[in-house]
Structures are given as structure tokens and as C-alpha cells.
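Throughout, numbering of the chain's residues begins at 1 and tracks the sequence. For the numbers below, each heavy atom of this structure counts, side chains included, while hydrogens, waters and symmetry mates do not.
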Amino acid sequence: MDRVELLNEFKECVSNVVLEGSKGEALDSSNVHGVRLCGVLERVLKHGLKDLRFFGETHYFEVLDKLVEVHPPAKDLTLRVRKLASLGDRGKGRAFIATCLNQGCPQLVAQVTEHTELLEEFYQPTAFLRSDDDTSIFTLLLETLARTPFSLSVLDEGVDEP
């Protein structure tokens with residue numbers, strides 16, 4: 001999926017989630033729009049990710065885990081997710097996204113874009129998160145989600161599965 005398609009899908013997702021959230025009830029793991037939003041956020045974080053491991057694949061949770069070093073406000077959330085020992089990197093990445101949404105701080109996901117060294121280390125030059133135009137829209141849309149109530153499960157069955 002290219003960056004334009006990804007951004008358009010994200011815009012549509014955010015629009016649906018905001019509309020659904022305006023009904024006053026928290027969006028949980030049974031809400032199709034909330035689940036789709038998590039999937040799109042995951043694809044954004046995976047888009048253009050470099051393969052840095054000799055064995056296995058690099059996962060976007062490695063980026064989020066390193067975010068603690070350059071953005072201290074992410075520390076509590078990341079430490080909480082790291083403690084989910086039963087989960088692999090895929091599950092921890094998904095738990096990070098769900099927890100950010102649940103706590104009303106989805107903009108933590110966008111903090112990756114503020115740290116050039118992190119982007120250069122983990123992402124190809126054509127990655128979604130390295131495009132200034134895409135990330136400025138992405139960040140604004142994430143900020144609108146801060147007012148939407150979420151109650152997503154962090155430990156759903158299959159959270160570690162592709």
C-alpha cells in the first residue's frame with residue numbers, strides 16, 4: 001500500500017471513529033471502527049520499516065520501545081507494555097497502540113516523527129513516517145482522537161498473530 005492510500009484510509013478511519021465516539025460510549029474491541037483504526041495505525045508504523053535483524057524481522061515495537069530514550073513521557077506506557085511478558089513484539093506493539101487510545105494520548109504514536117535519528121535508523125526514506133506532508137496530517141488527525149473514548153482490550157486472544 002502506498003502512502004497516499006494509507007493516509008486516505010487513515011482519514012476515513014478517524015472520521016468514522018470520531019462519529020462513532022460522538023455517541024458518548026467508549027469504543028471497545030467489538031467496535032469495527034476502533035479495531036480498523038488500530039489496524040491502520042499498525043500499518044502506518046510498519047510502512048517502510050527497514051529490516052535490521054539478521055534473523056527474523058524488525059518490528060515497529062522496537063521503534064516505540066526506543067522512543068523512551070528520546071521522549072520521556074512515553075516511559076510509563078512503554079514500561080507497562082514491556083511487562084506483558086506473554087506477548088511478542090507484535091502483541092506489544094498492538095498493546096501500545098490500544099493503550100495510547102484508551103488513555104486519550106494517541107499523539108504518543110506520532111512522537112516517533114519528531115525524532116529524526118530514530119526515523120533514519122528504522123525507516124526507509126520513502127516511509128510514511130518520514131514524509132513531512134503525510135505526518136503533519138497524521139499528527140493532526142491523531143490529536144482529534146484524544147477526545148474520543150476508547151476501551152480497547154490489550155490482551156485479546158490472537159493479539160500476537162499476524
* So among Ile97, Asn31, Asn16, Val14, which one has a side chain to side chain contact (heavy atoms under 4.5 Å, CB included) with Leu37? ->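 For Leu37, the side chain to side chain contact (heavy atoms under 4.5 Å, CB included) test succeeds with only one of Ile97, Asn31, Asn16, Val14, which is Val14.
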Residue pair [X] / [Y], side-chain heavy-atom distance below 4.5 Å:
X: Val63; Y: Leu129; answer: no
X: Glu120; Y: Arg130; answer: yes
X: Lys50; Y: Thr58; answer: no
X: Arg80; Y: Gln103; answer: yes

* To do: Could I get the full list of salt bridge (Lys or Arg N to Asp or Glu O under 4.0 Å) partners for Glu12, not counting sequence neighbours?
  =>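 Partners of Glu12 by the salt bridge (Lys or Arg N to Asp or Glu O under 4.0 Å) criterion, ordered by chain and then number, come out as Arg36.
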* To do: With sequence neighbours excluded, tell me which residues meet salt bridge (Lys or Arg N to Asp or Glu O under 4.0 Å) with Glu20.
  =>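 Only Lys23 meet the salt bridge (Lys or Arg N to Asp or Glu O under 4.0 Å) criterion with Glu20.
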Quick check on the hydrophobic clustering: are [X] and [Y] connected, directly or via other members, by side-chain heavy-atom contacts under 4.5 Å?
X: Phe128; Y: Val4; value: no
X: Ile137; Y: Leu142; value: yes
X: Leu152; Y: Leu19; value: no
X: Val35; Y: Leu27; value: no

* For Ser151 and Ala26, indicate whether the former's side chain and the latter's backbone hold a donor-acceptor pair under 3.5 Å. =>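 Side chain of Ser151 to backbone of Ala26, a donor-acceptor pair under 3.5 Å: no, none is there.
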* **Heavy atoms of other groups near Glu25 CD, more than 12 under 6.0 Å** =>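 No.
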